[in-house]
2 protein chains.
Amino acid sequence: MNNSYHHGDLKNALIRAGIEILSKDGVQALTLRQVAKKAGVSHAAPYAHFADKQALIAAIAAEGYRQLYEKLAAAQESRVDALARLMAVAQAYAQFAIDEPDHFKITFSGVVEAEKDYPDYVEQSKRCFALVMVVVTDCQSGGILEPGDPELATVSVWASIHGFVQLMLANQIPGALLAQYSMPELLSFHLNPFLRTNTQP
Amino acid sequence: MNNSYHHGDLKNALIRAGIEILSKDGVQALTLRQVAKKAGVSHAAPYAHFADKQALIAAIAAEGYRQLYEKLAAAQESRVDALARLMAVAQAYAQFAIDEPDHFKITFSGVVEAEKDYPDYVEQSKRCFALVMVVVTDCQSGGILEPGDPELATVSVWASIHGFVQLMLANQIPGALLAQYSMPELLSFHLNPFLRTNTQP
DNA sequence: ACCTGAACACCGTTCAAGT
DNA sequence: ACCTGAACACCGTTCAAGT
């Protein structure tokens, strides 16, 4: 099944190889030639499936969003009330970033640089946003979050979680805080100002 | 003043050249060889001042933090009450990211990757954090922000602004919102949940 | 349609040598 | 101490050629 021609799905094999390199050796090791090598093809083979390196990165970023969506969906499925779902989503978001920092970073590195558009990436991005928006509007309905423009509220909550995670990956959160509190505690404190029932430390 | 030896400050000239490349051509154009060329020296000359490319990037990131600090300091100096200072800082933070997206991104790209430490970068980072913390604690004293652990509160506010800016640079904020509201409006809505006097849209 | 191998311009890094 | 020029291994991309 793999003589001169590949198993028929080189495109996805390249994406998987890229993600594995990201996970094991980091973003500086993500080269087209290494990806091709890991997939068992010549260094020029990827060009049959991707226009250039940026296109492969866009595909890897879209897959990052897809995996993130799965984690968020799984995290909230097990909870019933809206607040627990919001916290579970926040925790799953942070956990994905901690588990796969380089894949997470590349997903939010701004691949969609104005001119070129990558439809799959955009679709996955919107799908993820929609999931968070459902949780946020449920919280608004339940009186847990302030009422108001749901899109605006979603951006606020999402950006808040995202910023915390980004700063953490960039080693910009004071070590004293990380030593003193657990991740769920930190996220809880962090989202507390948004809640209508405050119990700030 | 520039025969065989350089003007005596090649190190800073390289940093400035790097920032200029970042500003004009973006992060993918930031190569040691181009930086050297722009500074008017051979491609091996930078190694007399930086151990490797990562060390130059760390210096550029530290300078990014320094410039960010200046913008934030200037923004709040002109305001008297604490809330106006908080908003001015948030606005200046976003403006720096919009004006110099690639320099901003590289400043928060996680140069301090565990093992190696870059003292100047760490110092500038802490200096910036301290500035935000003063504004935040002043807001707490004035009853504008909820009371509580000042370091925790600073992280919350900072992460919230940072996340919004990062998502904007990654084109992840819905275009409808960007079209409908101005940047100060968006930042105001975004920080509203933290304030004790809410006027959510 | 899908892949290979050679080729080209470019990059990070090292090192002997020059002042 | 500070810089140059040649050298090496590697990278992204292109292209003629093979099945």
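Just so it is clear, the values below take in all heavy atoms, side chains as well, and ignore hydrogens, waters and symmetry mates. The sequence lines fix the lettering, A, B, ..., with proteins before strands; numbering per chain opens at 1.
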Peer 1: Under the rule for ring-ring contact (aromatic ring centres under 6.0 Å, His included), what residues qualify as partners of A:Phe164, not counting sequence neighbours?
Peer 2: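 By the ring-ring contact (aromatic ring centres under 6.0 Å, His included) rule, A:Phe164 matches A:His190.
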Peer 1: CG of B:Leu10 versus C1' of D:dC2: gap in Å, rounded?
Peer 2: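 Distance, rounded to whole Å: 9 Å.
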Peer 1: Tell me, please, which residues at least two apart from A:Ala84 pass side-chain contact (heavy atoms from CB on, under 4.5 Å).
Peer 2: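 Applying side-chain contact (heavy atoms from CB on, under 4.5 Å) to A:Ala84 gives A:Arg79, A:Asp81.
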Peer 1: Suppose we screen for ring-ring contact (aromatic ring centres under 6.0 Å, His included). Which residues come up paired with A:Tyr47, at least two apart in sequence or across chains?
Peer 2: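 By the ring-ring contact (aromatic ring centres under 6.0 Å, His included) rule, A:Tyr47 matches no residue at all.
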Peer 1: In whole Å, what is the span from the NZ atom of A:Lys11 to the P atom of C:dC2?
Peer 2: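 Rounded to the whole Å, the gap is 10 Å.
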Peer 1: Expressed in angstrom and rounded to an integer, what is the separation of A:Tyr47 atom OH from D:dG12 atom P?
Peer 2: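 Roughly 7 Å, once rounded to whole Å.
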Peer 1: Please state how far atom CG in B:Asp9 lies from atom C1' in D:dA1, giving the value in whole angstrom units.
Peer 2: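 Distance check: B:Asp9 CG to D:dA1 C1' gives 15 Å.
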Peer 1: Do side-chain atoms of A:Ser125 reach the backbone of A:Tyr121 as a donor and acceptor pair under 3.5 angstrom?
Peer 2: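 Side chain of A:Ser125 to backbone of A:Tyr121, a donor-acceptor pair under 3.5 Å: no, none is there.
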Peer 1: Rounded to whole Å, please give me the gap between CG in A:Leu56 and P in D:dT13.
Peer 2: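 After rounding, the reported distance stands at 10 Å.
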Peer 1: Identify, with sequence neighbours excluded, every residue that meets side-chain hydrogen bond (donor to acceptor under 3.5 Å, both in side chains) alongside A:Asp99.
Peer 2: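 side-chain hydrogen bond (donor to acceptor under 3.5 Å, both in side chains) check on A:Asp99 returns A:Gln95.
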Peer 1: Using the side-chain hydrogen bond (donor to acceptor under 3.5 Å, both in side chains) rule, collect all pairs that involve residues 61-73 of chain A, keeping only residues at least two apart or in two chains.
Peer 2: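 Those involving residues 61-73 of chain A are A:Glu63-A:Arg66, A:Glu63-A:Gln67, A:Tyr65-B:Gln172, A:Arg66-A:Asp120.
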Peer 1: For residues 30-42 of chain B, dump all side-chain donor-acceptor pairs below 3.5 Å to protein atoms at least two apart in sequence or in another chain.
Peer 2:
unit_1, atom_1, unit_2, atom_2, d
B:Thr31, OG1, B:Gln34, N, 3.0
B:Ser42, OG, B:Ala44, N, 3.4

Peer 1: Give the stems involving DNA chain C, where a stem is 3 or more consecutive Watson-Crick or G-U wobble pairs (i with j, i+1 with j-1, and so on) under 3.5 Å.
Peer 2: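 As far as DNA chain C goes, consecutive pairing (with distances under 3.5 Å) yields the stems C:4-8 with D:12-16, C:12-16 with D:4-8.
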Peer 1: Just to verify, what does B:Ser23 make a side-chain contact (heavy atoms from CB on, under 4.5 Å) with, not counting sequence neighbours?
Peer 2: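 If we apply the side-chain contact (heavy atoms from CB on, under 4.5 Å) test to B:Ser23, skipping adjacent residues, the hits are B:Glu100.
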Peer 1: Detail all sub-3.5 Å separations between protein N/O atoms and N/O atoms belonging to nucleotides 7-11 of chain D.
Peer 2:
unit_1, atom_1, unit_2, atom_2, d
D:dC11, OP1, A:Thr31, OG1, 3.4

Peer 1: Toward the 5' end of DNA chain C, which comes first, A:His49 or B:Ala44, by nearest nucleotide?
Peer 2: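 That would be A:His49.
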